[in-house]
Structure formats: structure tokens, C-alpha cells
Amino acid sequence: MEKRPSGIKPESWLVSAGRASEPGAPLNVPPIPASNFIIGREREYSRDDGTPTWEALEEVVGGLESGKAVAFASGMAAIAAVFDQLAAGAVVVLPDDCYQGVVGLAAAGAERQRWSVQRVAVDDTAGWIRACGVADLIWLESPSNPLLTVADLEAVCAAPRKPGAIVAVDNTFATPLNQQPLDFGATVSLQSATKFIGGHSDLLAGVATTKDDALWHALRKSRELTGATPGTLEAFLAVRGARTLALRLQRAQQTAMLLAERLEEHPLVTRVRYPGLPSHPTHAMAKRVLKGFGTIISFDLLGGAEIADRVCRNVRLIRHATSLGAVESTMERRAAIPGQGHLPPSLLRLSVGIEDADDLWVDLDSAIRSAAQ
Ligand SMILES: *Cc1c(COP(=O)(O)O)cnc(C)c1O
């Protein structure tokens, strides 16, 4: 697997990485639907040894995160492979605001007494630093979902930790363009490539990246033994999507800032959470650790859950759908989801896509106004 040379910027790497270079080779690594290969070289069976298509995705993401990557069937498969590293009785520390799948996975393991789980507030840096002294797995997610709180990754990743402890960062919301957790000292960085890397809501894939060679081998082994392998077409599409990540992110981020500012002025909106707004509780931290403020906005409405549901039904250009990080804008009311009862009932999470910014604003504003009538 090739590493990104220091002179090549991430934006160029996204376009150039994961390509063959032999004369006559196709410019793009094709989807290679192979379970097995003729014996005689290192590659014999794809679940054990990977395929060139998966490796193209690993090269692209690994080079962005500055480590060695392992591609998985989904973000959760990559995350489960990290949890798979824990010995019995391990201590896991999760953020208070965290992707529901991770909370569910941790709770299921705790129920079977495989590990115990503690929670720390995303922005409680002192709490995280204390947790580093006792935890076997520190699980960070920043910006968090859906409150978009930004953690002091720099401080937490540099804190003294228990020998052998893993500091994992779910880097899905930031993308490797806005944040490089491994450079702060995290052990492993996770991407749900289903989101921004793929970028078109048409695949499930995940990637775990680490600079730690032993952990890289262990994650490969876990993939082999659990069979959490990426799909061939999915890996191909994820690479294809990644080619335009920098452009998509730049555009959607610009629009997100504009929409966040306009929402903040809206008479029917009571609160806007976007790390780029000076009013955001962790705006100063966001400016320090992130290269961009991202494409997700959460906002609350006057009138509660009922109005928010109506807004979701009223939007036309924006789609009422879950998930995020794609070319199309999507929105949903997060508290409507089981297990999310701690959130403000009217909180809408908007994932801003690459449509025209004014068109999005007109859609959003008229959906809110007609919902309130
Ligand atoms: C979607 C998501 C995941 C899980 O990824 P899947 O590809 O759906 O398995 C994990 N973390 C975050 C922050 C996500 O948004």
C-alpha cells in the first residue's frame, strides 16, 4: 500500500491514490469480484488477503489519515473490529453524545459482562484526561452526533494513558480533510465511508486507520475471522466517490455556514448548533482542531416536535431521510429515533449537500413558515 508523500496535499491524493501504474493497466482499479486467486503469490483468498479493489480504498483513506487502513463492510463493522481488540473486563469510555450504533454495541457487550462502560461529556477535557488513566478503550467522536460538540482531541490524545490502551476517534463527521486524529496521537481513526467518502448514499463501507503496525495486523485478523469484508462494488464506488470529496466538502461547507447564519436569524428557530457559528459552545475549540466546520447543522424550532415533523414533510429539495454526508441534502428529527429521548424534541439535523445555496434556503424557509401556519 502506498503512503501519501508529504509533498502531496490531501486534495490531490484523493484524486491520484489507489491507481495502478503499470503500462496497459486500467487508470481506475476495477471492481474485482474474486473470492480466490491462483496459488503461488501472497494473495490466495480475499477474506484473508484482500483484493486490489479493497486496497485502492485503503490506500486512498490511509493516505488521508496518515496511517495504514483496513476497509470493512460498514462503519459499524470497522468499529466492532476495534471493540474486538478488548480483553475481558476492559473499561470503555464513551462520549455522552455519540453515534447510536456505538452506544448500542457498547451496551450489548456490557450486558454480557465483556466490558464496562462509562460516559464523559464531549467537551469535558479534564474528564477525558482522567479517563485516559483508567480506560482500555477511549472512544471519541468529534464533532459529535447530533449536537456537534467539538472535543479537545489534541489534549486527550496526548494525555498519559494506561499501557496498551486504545484511543479511537470516530472521524466520520469531520472527514480526514477537516481533522487528522492520528496526527494528534490517537491510536485509530474510524470512517463510516457510507457517509462523506462514498458521498452518494449508495453504499455501506467503513475504514479503520492506524499508525500502529500490530493493531493494523490485528484489525486485518478481526476482519478475516469475523468476515466483515467490504463489498467489491461498494469499495469501487467508495473510491469513485472519494475522488470528489474535497470539492463536495468545500461546497457543502460553504452552504452550511450560510444556512446556519440565516437559520440563526429566523424568527421561528430557537437555537442553531453549527461549530462555525460564534454562538456555538465549542466554536473556539472547533477553530483550533478542525480545518473546516463541516456540513451538518442541528437546529430547534419554536413549537416543538409537531412543527418539526411538519417541516420534514414540507421540504421538497431537501429530502426527509436519515444519514448524512452525501451530495443531496437530507434532514430528520433526531428525537423521533428510539434511544434519542435526551435530545430537544424539535431538534432537526440537516446534512447540507451540494445543491444551490439559495434554493436550499428557499426550501427550508418556506417549509418552516408553512409548518408554523
Ligand atoms: C453512520 C455512522 C457510523 C456507522 O457507519 P455505518 O457505515 O452506517 O455502519 C458510525 N459513526 C458515525 C459518526 C456515523 O455517522
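Just so you know, these numbers use all the heavy atoms, side chains as well, and skip hydrogens, waters and symmetry mates. Remember, it's 1-based here, ligands and their atoms both numbered in the order they're listed.
- A salt bridge links R262 with D358: at least one charged nitrogen is closer than 4.0 Å to a carboxylate oxygen.
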Side-chain polar contacts of residues 198-207 - donor-acceptor pairs under 3.5 angstrom, sequence neighbours left out - could you list them?
from : atom 1 : to   : atom 2 : distance (Å)
H200 : ND1    : G198 : O      : 2.9
S201 : OG     : E328 : OE2    : 2.6

Show me a pair-per-line table, with atom names and distances to 0.1 Å, of protein N or O atoms that are under 3.5 Å from an N or O of ligand 1.
from     : atom 1 : to   : atom 2 : distance (Å)
ligand 1 : 5 (O)  : S192 : OG     : 2.9
ligand 1 : 7 (O)  : G75  : N      : 2.8
ligand 1 : 7 (O)  : S192 : OG     : 2.8
ligand 1 : 7 (O)  : T194 : OG1    : 2.6
ligand 1 : 9 (O)  : G75  : N      : 3.1
ligand 1 : 9 (O)  : M76  : N      : 2.8
ligand 1 : 11 (N) : D170 : OD2    : 2.6
ligand 1 : 15 (O) : K195 : NZ     : 2.6

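- Taking the six-membered ring where tryptophan is involved, the planes of W361 and H266 are perpendicular, since the angle between them exceeds 60° and thus also 30°.
- The pair E224-R220 fails the salt-bridge criterion, with no side-chain N (NZ, NE, NH1 or NH2) lying under 4.0 Å from an Asp/Glu carboxylate O.
- The pair R313-D309 does not count as a salt bridge, with every side-chain nitrogen at least 4.0 angstrom from each carboxylate oxygen.
- Judged by distance alone, the side chain of Q179 and the main-chain N or O of T175 form no donor-acceptor pair under 3.5 Å.
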